[in-house]
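Take a look at the structure set out below.
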Amino acid sequence: MSNKIQAIRGMNDLLPAQSPVWQYLEGTVKDLLASYGYDEIRMPIVEQTALFKRSIGEVTDIVEKEMYTFEDRNGDSLTLRPEGTASCVRACEEHGLLYNQTQRLWYTGPMFRHERPQKGRYRQFYQVGVETFGIATPDIDAELILLTARLWAQLGLSDSVTLQLNTLGSNEARARYRDALVAYLSERKDQLDEDSQRRLESNPLRVLDSKNPETQALLTGAPELHDYLDDESRADFTQLRAILDAAGVKYEINQRLVRGLDYYCKTVFEWVTDKLGAQGTVCAGGRYDGLVEQLGGKPTPAVGFAMGVERLILMLETLELIPPQVMQTIDLYVCGVGEGAAMASLLLADELREAQPWLRVQTHCGGGSFKSQMKKADKSGALFALLLGESEIAASQVTVKDLRGGLEQATIPQAELPDWLTEHLN
């Protein structure tokens, strides 16, 4: 017996029973972003490896350990995208979307990182990303945070997430702080955990978000990031906080929030939750004013965020926040038995879809008795079954059976069916 081929570890199938929840979340996000005037952009999942080395940084964990990189038949080094920001910048620059323009963009799709799979974290995972370009003032930073706060309210998650906020200052201020932090940690290098010792050489700010308790205790006396801020960053951060205060958005200032990628500056933020066990991040972002220039474009202010779809869905399921109607994927199931029933069922279903496009109608195909068809109608989750026998077809009638409520079975003229459904389905 041949071995069955299975999915790659950490890359999961999305089955039909799960799809309605994904569609609900994606639809909610799409409608919200449209209400803020954001446009969708779609990028390929494969890019030149150099794009991520230049944007993320060659000495980050992502580039060193996690990227799926390979050579194609032409000998070019290609990589499955580990995140979307660099791809979005590349696309905008390549197609001339940034020159003397502002852009508010969003995208969704799979990202790829070779890390240990666990619940809510996979090797192929899905993100929604939002990126804005050409706006240097902190009002756009505030808009992105207000947008995410509105999303949590719409999903019922407001009480389950906490906003953590920080500013990294300008690139120059960040460099000065980096030097001070390295000097402090170098004197205590032998007390650092192995991972932090490695980061001290490559990306020392990442030591600040170490999960090691001894390293965190050691950081108690470390230099404070905000003591090194430039005046402009300090003023921008004050204005951002004033907008959030006025809007009633609560936040915690976390000076150890630095984000894991090299390109961030000034505002950084994360929405975190403890509803999935250990504290986890469900949405994160910040400002990256130097990235466009770093990738070959002209200096362009930019700020954005990304949210993990799997983790948000896990939260919705864990907290039982999925509206019942989301799982209701079929309104009507059309059954037919007898001569001409198959054709009559298909035609009736299409007439209903034409008259009432909001209806979700499934027609039974494959024959069988009324009893067997009713079993499939019930299993489909439909609210009503429409029954067509030879007598109904001859009289241009239909019998309606309530599968979920207490309505009595009724036989009505087909011409009156749209009005009857409008009354009983809305």
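Counting only distance, with no hydrogens or angles, the side chain of Arg174 and the backbone of Leu205 share no donor-acceptor pair below 3.5 Å.
Pairs passing the side chain to side chain donor-acceptor pair (under 3.5 Å) check and including a residue from residues 24-36, sequence neighbours excluded, read Tyr36-Arg150.
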Give the C-alpha distance, both sets of side-chain angles, the deciding distance and a yes or no for side-chain hydrogen bond (donor to acceptor under 3.5 Å, both in side chains) between Glu131 and Tyr107.
CA-CA 9 Å; Glu131 318 287 357; Tyr107 52 85; 2.6 Å; yes
Working note: Leu359 + Leu425, criterion side-chain contact (heavy atoms from CB on, under 4.5 Å); need CA distance, chi angles, decisive distance, verdict.
CA-CA 9 Å; Leu359 276 176; Leu425 283 174; 3.4 Å; yes
Do Gln48 and Asp76 pass the side-chain contact (heavy atoms from CB on, under 4.5 Å) test, and can you show the C-alpha distance, the side-chain angles, and the key distance before you say yes or no?
CA-CA 8 Å; Gln48 294 185 42; Asp76 296 325; over 6 Å; no
Yes or no on side-chain contact (heavy atoms from CB on, under 4.5 Å) for Leu421 and Asp331, after CA distance, side-chain angles and deciding distance?
CA-CA 10 Å; Leu421 291 172; Asp331 297 314; over 6 Å; no
Verify side-chain contact (heavy atoms from CB on, under 4.5 Å) between Asp236 and Thr137, making sure each step is shown before the conclusion.
CA-CA 7 Å; Asp236 284 355; Thr137 49; over 6 Å; no
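Heavy-atom contacts from other residues, nucleotides or ligands closer than 6.0 Å to CG of Leu15 number more than 12. Summarising the local packing, CD of Gln409 is surrounded by more than 12 heavy atoms from other residues, nucleotides or ligands at distances under 6.0 Å. Counted within 6.0 Å of CD on Gln325, heavy atoms from surrounding residues, nucleotides or ligands total more than 12; the atom is thus considered enclosed. More than 12 heavy atoms of other shown residues, nucleotides or ligands fall within 6.0 angstrom of atom CD in Gln328. Counting non-hydrogen atoms of other residues, nucleotides and ligands closer than 6.0 Å to CG of Asp159 gives a total of 12 or fewer. Heavy atoms from other residues, nucleotides or ligands lying under 6.0 Å from OH of Tyr99 number 12 at most. The number of heavy-atom neighbours closer than 6.0 Å to CE of Met343, taken from other residues, nucleotides and ligands shown, is 12 or below.
With sequence neighbours excluded, the residues forming a salt bridge (Lys or Arg N to Asp or Glu O under 4.0 Å) with Asp378 are Arg404, listed by chain and number.
When all heavy atoms of Gln414 and Gln397 are compared, the pair lying nearest together is NE2-O, 3.1 Å.
Side-chain atoms of Tyr251 and Arg241 include a donor-acceptor pair closer than 3.5 Å.
If you look at Trp22 and Tyr126, their ring centroids are closer than 6.0 Å.
With Leu332 as reference, Leu386 is the one residue of Thr363, Leu386, Leu403, Val400 to meet the side-chain contact (heavy atoms from CB on, under 4.5 Å) rule.
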